[in-house]
Every structure is written in structure tokens, then in C-alpha cells.
Amino acid sequence: MRILKIQTLRGRNYWSIRRHKLIVMRLDLETLAETPSNEIPGFYEGLVEALPSLDGHYCSPGCHGGFLMRVREGTMMRHIVEHVALELQELAGMHVGFGRTRETATPGIYQVVIEYLNEEAGRYAGRAAVRLCQSIVDRGRYPKAELEQDIQDLKDLWRDASLGPSTEAIVKEAEKRGIPWMQLSARFLIQLGYGVNHKRMQATMTDKTGILGVELACDKEATKRILAASGVPVPRGTVINFLDDLEEAIEYVGGYPIVIKPLDGNHGRGITIDIRSWEDAEAAYEAARQVSRSIIVERYYVGRDDRVLVVDGKVVAVAERVPAHVIGNGRSTVAELIEEINQDPNRGDGHDKVLTKIELDRTSYQLLERAGYTLNSVPPKGTICYLRATANLSTGGTAVDRTDEIHPENVWLAQRVVKIIGLDIAGLDIVTTDISRPLRELDGVIVEVNAAPGFRMHVAPSQGIPRNVAGAVMDMLFPNEQSGRIPILSVTGTNGKTTTTRLLAHIYKQTGKVVGYTTTDGTYIGDYLVESGDNTGPQSAHVILQDPTVEVAVLETARGGILRFGLGFESANVGVVLNVAADHLGIGDIDTIDQLANLKSVVAESVYPDGYAVLNADDRRVAAMAEKTKANIAYFTMNSESELVRKHIQKGGVAAVYENGYLSIVKGDWTHRIERAEQIPLTMGGRAPFMISNALAASLAAFVQNVSIEQIRAGLRTFRASVSQTPGRMNLFNLGNYHALVDYAHNPASYEAVGAFVRNWTSGQRIGVVGGPGDRRDEDFVTLGKLAAEIFDYIIVKEDDDTRGRPRGSASELITKGITQVKPDARYESILDETQAINKGLDMAPANGLVVILPESVSRAIKLIKLRGLVKEEIQQQNSSTTVIDNQNGVASSSVINTLL
């Protein structure tokens with residue numbers, strides 16, 4: 001077996017609308033392709049020995065052990081690899097269950113699809129599954145040591161990539177409320193929502209958290225001074241920088257017992273409490289110096305350690321934190337009790353579980369010694385042996401929920417303290433013997449105010465009621481059930497995507513909102529280019545959705561991005577599907593038009609239920625997508641007599657229709673005529689039917705988003721098929737005695753669309769400079785030749801600079817073959833170099849003729865045409881001699897152009 005390719009999908013995709021995180025392995029099974037498992041000696045036994053837990057996989061029999069039943073009776077290796085990859089992740093603590101296997105057009109090669117939670121772990125699991133199965137085929141077993149290493153590696157990957165418990169709680173609450181989120185690329189930032197409505201968080205700090213409040217909270221001594229000046233009970237203490245000052249500091253706070261801790265510490269590091277001797281004080285000082293240069297010396301207050309969480313000025317949770325400890329049973333040693341506690345599946349390393357394993361440090365041994373124990377001691381039954389001085393969960397402590405017990409006066413005090421410090425989310429550490437009584441009655445004190453407090457103790461306390469503290473954060477960031485979303489309009493199809501996307505963005509600009517949009521030409525925000533290039537995938541979508549100025553996102557969504565990565569957004573408000581035609585077939589295991597339609601239907605299926613799928617009623621494959629989406633349907637059509645649209649309108653639906661020369665919105669018994677097609681520049685005087693169709697789609701998409709008819713009309717009137725607004729899309733140039741048209745048509749459907757306009761050009765000869773991308777099928781090139789023969793009077797066949805692996809001249813020969821099949825006496829020639837081919841076409845243009853250029857490089861073609869126009873203009877201004885001018889058409893000849901270039 002060989003893995004040919006592994007792809008990671010991160011959004012809604014071709015394989016599943018609901019499961020966004022999928023690994024796709026292209027797997028060559030080689031000699032195992034047609035060998036069922038029951039014909040491989042010892043395979044069933046070796047698989048059960050390695051992974052007995054596969055017994056829990058139901059598979060198609062629908063019962064416990066169903067999958068292993070199929071292995072024993074005989075199933076295919078591709079199916080087994082899928083299940084093994086899922087089970088390896090399960091054994092590492094990642095609960096996944098979705099898998100698919102599909103054969104490709106190449107015999108013996110399959111696509112194996114598995115769900116993942118962490119993409120690195122998912123890719124690892126896929127490779128390990130192949131390795132495990134191959135080992136059992138070859139040797140009858142998979143070494144236990146290798147399997148254990150696989151599981152450990154997967155656990156490590158999962159742990160390293162996991163969100164912290166606080167962040168995870170916030171993300172889960174966001175998902176529950178339908179608020180989209182994404183991880184950003186720096187400083188562990190999480191974005192909630194999109195565009196102008198998004199918020200950012202780092203752990204439990206938000207973009208509303210004031211830096212002055214954070215700075216103050218991090219300076220424990222300054223916090224204490226500010227609070228003391230406001231009449232808040234705080235520990236008596238001081239800050240020192242040298243050991244020589246320690247004795248005086250102890251006297252200042254009132255003598256022993258004392259607490260020594262680092263000024264800049266966190267998670268309980270370097271803190272020693274209940275110090276009762278000079279020897280212990282010196283040791284505690286040195287421990288604190290390992291964390292911070294400045295040291296706090298405070299009076300030690302006896303009582304429980306309570307954490308009070310305040311969000312948006314309100315107390316939302318209270319937890320008593322209990323230091324790490326063991327309870328004697330009269331039989332086990334302290335060491336054995338620790339080991340038993342650490343076996344709790346709820347305990348892990350660091351923050352990867354709701355509790356943390358207990359690890360011993362210097363303080364642990366001191367506490368045991370003070371209690372008269374060692375690790376080998378057997379404490380009497382019921383005896384509590386504390387192992388940490390502080391109650392942090394990160395050092396093995398536990399939490400008991402006390403939210404319902406806190407006294408109202410203490411609530412008032414906590415909320416006041418947080419406002420004094422200036423934080424939106426804060427955790428107060430309070431020492432008191434009873435949180436249900438006012439602090440002033442029990443000599444209780446507020447020890448610290450923490451910015452970015454952990455939520456773990458509140459969302460998963462060891463005892464008591466879990467509190468939805470993340471809900472309070474969401475209420476603060478997104479009040480009144482705000483979703484944090486912005487309108488997203490996604491546009492897909494085989495042809496016309498870029499023009500429709502640009503037109504839709506232009507129409508939306510009439511509303512005065514900032515529009516971010518992505519196209520094959522680049523990513524734009526407002527009137528400015530952010531990044532040039534073919535930007536139709538999820539990364540470009542994220543640029544728009546992460547931008548804090550964008551109010552509306554219009555996203556061109558190409559097949560390649562969906563296939564390789566999945567959609568770059570959770571769901572759209574409008575999904576536009578223009579058409580589905582033969583293009584890119586045979587690439588990415590999309591071999592038929594129906595498969596291509598299924599791929600593009602992802603856009604329609606990903607629209608919110610209250611949104612709209614805008615579908616081409618004239619394309620049966622697109623129209624059929626109405627059955628696959630839960631969204632509202634809106635059709636557009638060039639056929640005013642469309643039966644499908646008529647029935648849709650009768651049922652109360654909305655549609656955009658080309659009728660009597662008008663682009664109109666029809667709903668029920670009323671019709672809104674937007675504009676005559678001939679008055680819309682994009683349609684080139686109404687002579688480009690496919691541009692009319694694009695305009696219908698864009699108008700309808702805007703209309704269902706409540707853009708007014710007046711704004712749509714204004715957008716249509718001011719949008720042109722020009723180099724500035726639609727480069728390479730029906731760009732028509734007047735070069736004096738003839739015209740040149742540039743369009744990035746590269747497949748049969750787009751050739752036909754251009755042909756519909758060219759056939760309306762009746763004033764002169766029509767010359768075509770044609771070609772196509774080298775990675776298309778042979779039959780596609782033949783079809784392009786046939787179409788070219790039907791459209792043009794004279795044809796120049798060229799090839800792209802990048803032949804995409806095809807031998808130079810091969811594409812030209814196939815196009816020529818198509819030309820001669822349709823028109824044996826056709827006038828044509830082959831000039832493989834694109835620049836030479838374009839110049840030849842322009843040189844031979846007759847009076848009133850049309851030269852149609854279908855280039856690989858739009859910018860190069862436009863440059864060649866514009867340069868001819870500039871030269872012509874310059875020659876006319878200088879009244880230069882006609883020796884440098886082609887006397888037939890009055891523009892500079894290719895020899896002059898080449899000299900200038």
C-alpha cells in the first residue's frame with residue numbers, strides 16, 4: 001500500500017456538510033486492491049490482537065462487533081484502513097466516528113476519508129493505519145511497542161494542540177449560540193464572529209479588557225495599595241528586593257505566620273504559606289526569587305481559599321479551592337495514595353483535563369514533614385495530608401462550588417473591587433473562614449485580583465454545580481442575542497463567478513457599507529486591493545472575515561478550494577450557483593459533470609435555513625440543488641416562460657427573470673423591472689446573454705438581502721466589463737478601424753458564452769486567438785476546436801506558457817483536430833507562443849473586424865492591446881509618417897510593438 005496524497009479539510013466539504021474536519025487520503029492499494037481480508041492468512045487474528053477495541057465498531061451489520069464480523073468474513077483493505085485510523089484516534093482520547101471510502105477512476109486507487117479533531121493527529125492516524133495494516137499483512141502482527149508509540153504520539157499531538165479549558169468553554173458556548181469562531185495565527189488568539197462584528201479573546205482576556213487593569217492586576221503590591229486606599233480589606237504586607245530586608249519586613253507585617261510569594265508570579269509558583277520560622281522564611285525567599293526579582297511578604301491569614309469570578313461587573317461563580325492532598329485509608333502509603341489519585345481519568349498533565357495530576361515539590365516535603373509524615377508513611381484512615389501550600393488547580397488542587405453560598409455583602413464588595421481595578425473579567429482570591437458571612441466579621445481579606453482567570457474550577461468543579469461562566473462572557477461580548485456575524489454571499493459555478501462576484505460587491509457598495517470580496521484576480525476591501533492573485537479559497541475568505549472594517553463579505557468560491565480545503569466559512573446568508581459545465585474534469589478525482597455538480601452544491605447546502613440559495617433555473621443540475629438545501633430558494637432565468645420558475649412564483653417564491661428586454665424581480669403577482677438590458681454596460685448593449693444571466697444572479701442575490709431596487713439599478717448602471725472592474729471578462733477595446741475582445745474563456749461552456757456575443761458581430765471578419773489550460777482532457781481540447789470553428793472566420797491556435805505537464809504542441813494538435821472535424825476547409829494556423837499569436841491576430845485584423853483573444857495571461861494580452869492603442873494615438877498626435885503604421889487598419893504594426901516592448 002502507498003499513500004499518494006493526504007489532504008486536510010477544515011470546513012464544509014464535498015464529503016460532508018456537517019463534519020468539517022476530515023482527512024482525505026489517496027491510497028494506492030497495489031496488490032491488495034482486490035484481496036478481501038479473509039484471503040490474507042492470519043490477518044483477522046493479527047488485527048484483533050493489535051486492536052481488540054475494534055469490537056466496538058458496529059459498521060454495516062449494525063451490531064456490536066459488526067466490523068470485526070465483516071473482517072472475518074471478508075472485507076476490503078480500504079475499508080479496514082478507514083476503521084483503524086478512526087480507532088487509533090479514539091484510543092488517544094479523540095472521539096471521532098465519521099469515515100468514507102470511494103474508488104477513483106484509476107483502478108486500485110481509493111480515497112479514504114476519516115474524521116479528525118486535531119489535523120496533525122488525523123494525518124498521523126491515517127499513516128499509522130496504513131503502516132499497521134501493512135505490517136499485519138506482511139508479518140501477521142503489529143509490534144506492541146510500535147502501537148504504544150503511535151498512541152502516545154497521538155496523545156501528545158492532541159494535548160499540544162488542545163485549547164485550554166477556559167478557551168474551550170468559551171468556544172463551546174459560542175458554538176451553542178451559533179457564533180462562528182476561528183483560531184488566529186498569533187499569540188493563541190481566538191476570534192469570535194466575523195468582520196466588523198467580531199471580538200477577540202486570549203484565554204479569558206477579551207478585546208474589551210483594559211490594559212491598565214491588566215497591568216495593575218499583575219502588580220500585586222500596587223493592587224493592594226489601591227484597594228487599601230479604597231477601604232477594601234487586604235493583607236498587611238510589603239515588597240522587598242533583598243534578603244537583608246526580610247527580617248524587617250516580617251516585623252512590619254506583625255510577625256509569624258507569614259506568606260512569601262513572587263511579585264510577578266502566577267499559578268501558585270514560588271509561593272510559600274504559613275511560614276513560622278526564620279529558616280523556613282529564608283528558604284521561601286529563595287524559592288520566590290526563582291520566579292520574580294521582587295518579593296512580597298504578607299501576614300498569613302487562616303481560612304478557606306475562595307475564588308470569586310466577576311464578569312462584566314457581576315459575580316457569576318464562586319469556588320472554594322482545596323490544595324492538593326491525599327486522605328489516608330490506614331493501608332496505603334502517601335506515595336501509593338498519590339499514585340492512586342493520579343490514576344483518575346479526570347486528571348492529566350497541565351490543563352489538558354479538568355484536574356491536574358499531583359506532582360511533588362519542595363513545599364510538599366515540608367508540609368509532610370511538618371505533619372510528621374514521609375512518602376513512605378501510612379496515614380490513619382480519614383487523615384488529610386496536604387501536599388501543596390496553595391490551592392491552584394494547576395498544582396493538583398480541587399474545587400468545590402460555593403456560588404449559592406456567598407453573602408450579598410461579599411458579592412457587592414467583589415464587584416466593587418473589580419471596578420476599582422478596571423477589568424471586564426477578573427478572579428478574586430479571598431481568604432475567609434466562611435464565604436457566607438461578610439468578610440469584615442471574620443477578618444477575611446482579598447488576597448489578589450487576577451486578570452485572565454481560569455474557568456476550569458467553575459465549569460468542572462470536583463464537587464457542586466458546574467457554572468456556565470462562558471455564557472456570561474458571551475452575554476457581555478454579544479448582548480441581546482447578537483450572533484457576531486456579517487452577511488456572507490458566496491458565489492460559485494463553472495463560468496461567470498468572478499464577474500458576478502465583482503458585480504454583486506459593486507451593487508452592495510451602493511448601500512454605503514464596506515464590502516470585502518475575493519476573486520480570481522485578488523482580495524479587495526472597499527475600493528482597495530489587499531492582495532493580488534487567484535484568491536478564491538478559504539485563506540482569502542479568512543482575510544475578509546477577520547478584517548474589523550468589513551460589513552459585508554462577497555466570496556467567489558471555486559471548486560479547487562472546496563475540494564482541497566473545504567469552505568472558509570461556517571455558513572452563508574446567500575449561496576449563488578451560476579452553472580455547472582465540463583471543466584477541470586479528471587482533476588482531483590472529479591471525473592463527471594454530476595460529480596462536479598455535487599461539489600458545487602456544497603455552496604447551496606451551506607446556506608443558513610433563513611437564507612437564500614440563488615439557483616440558475618435554466619441549468620437542470622443547478623436547479624436540482626433546491627432539493628439538497630434547507631435554505632429558501634430564489635431562481636434566476638433567461639427564459640420568461642420557464643415552467644419551474646412559474647410554479648415557484650405561484651408558491652410565493654421570488655425570482656429574477658429576463659423578460660421583454662428587462663431584468664426584473666418577480667414575486668407573487670408583482671414585477672419589479674430593474675433596467676433594460678441594453679442600458680446595462682455589462683451586457684454590452686444586450687448582446688452578451690451570459691452577462692445578462694450574471695446580472696440577474698447578482699441582482700437577485702442583493703435583493704434577497706434587502707438591497708433596494710434603486711440601489712441595484714444604480715449598481716448595474718455603473719458597472720462595466722472593463723479592465724478596472726472585470727479584467728479578462730469581456731473587455732472590449734476600440735482600436736480605430738477594428739475592435740479587440742479579451743476574455744478568460746478556457747472551457748467549452750465559456751467558449752459558447754463568448755460565441756453568443758461574437759455571432760452578434762456582423763460588421764466584419766471575426767478572428768479568434770484560442771487555446772486552453774494543458775491539464776484538461778484530450779477530448780476537451782477537441783471540443784474547444786469544434787466550437788472555435790463554429791464561432792470564428794479565422795483561427796490562430798496558441799498554447800499557454802505553462803503546459804501543465806502536457807508536451808508542447810499536443811494541445812494545439814488536438815484543437816486543430818476539432819477544427820477540421822467541424823469545418824475541413826477552415827482557415828487557421830498554429831502559433832504556439834501566445835505573444836506572437838496575439839500580435840499576429842491584431843496585425844491581420846480587417847476593417848470593422850473583431851479580434852477575440854482567449855489568453856492564459858490576461859494582463860499580457862491587455863498590455864499588448866493597450867500599447868497598440870497608445871502608439872496609434874501618439875502617432876496621430878505627432879503626425880508621423882505612415883511607414884510605421886499598418887496602412888490597412890491605422891495602428892502600429894507588430895514590429896513596432898515588439899521594438900517598444
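Here the structure is a predicted model, which means the values were calculated and not measured.
- In this structure, Glu340 places its CD atom where only 12 or fewer heavy-atom neighbours from other residues, nucleotides or ligands lie under 6.0 Å away.
- Electrostatic pairing of Arg299 and Asp443 counts as a salt bridge here, judged by a charged N lying under 4.0 Å from a carboxylate O.
- Sequence neighbours left out, not one pair with a member in residues 174-210 passes ring pair (Phe, Tyr, Trp, His ring centres under 6.0 Å).
- Side-chain contact of Arg123 with Thr8: a donor-acceptor pair under 3.5 Å is present, judged by distance alone.
- Scanning for salt bridge (Lys or Arg N to Asp or Glu O under 4.0 Å) contacts around Glu168 gives Lys172, with sequence neighbours left out.
- By the side-chain contact (heavy atoms from CB on, under 4.5 Å) test, Asp401 pairs with Thr403, Pro461, Ile465, Arg467, sequence neighbours left out.
- Every pair tested for ring pair (Phe, Tyr, Trp, His ring centres under 6.0 Å) that includes a residue from residues 410-459 fails, sequence neighbours excluded, so the list is empty.
- Side-chain contact, Ser436 with Arg402: no donor N or O sits under 3.5 Å from an acceptor N or O.
- Gln463 pairs by the side-chain contact (heavy atoms from CB on, under 4.5 Å) definition with Val400, not counting sequence neighbours.
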request  = Test side-chain hydrogen bond (donor to acceptor under 3.5 Å, both in side chains) on Arg456 and Ser166 and set out the steps.
outcome  = CA-CA 6 Å; Arg456 184 165 53 152; Ser166 300; over 6 Å; no

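- Counting heavy atoms from C-beta outward, Asp306 and Val431 have side chains that stay 4.5 Å or more apart.
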query = Taking it one step at a time, do Arg177 and Glu173 satisfy salt bridge (charged side-chain N to carboxylate O under 4.0 Å, His left out)?
reply = CA-CA 6 Å; Arg177 297 182 181 212; Glu173 182 64 21; 2.7 Å; yes

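- With no hydrogens or angles considered, no side-chain donor-acceptor pair links Gln366 and Arg370 at under 3.5 Å.
- Residue pairs meeting the ring pair (Phe, Tyr, Trp, His ring centres under 6.0 Å) criterion with at least one partner in residues 378-408, sequence neighbours excluded, are His325-Tyr386.
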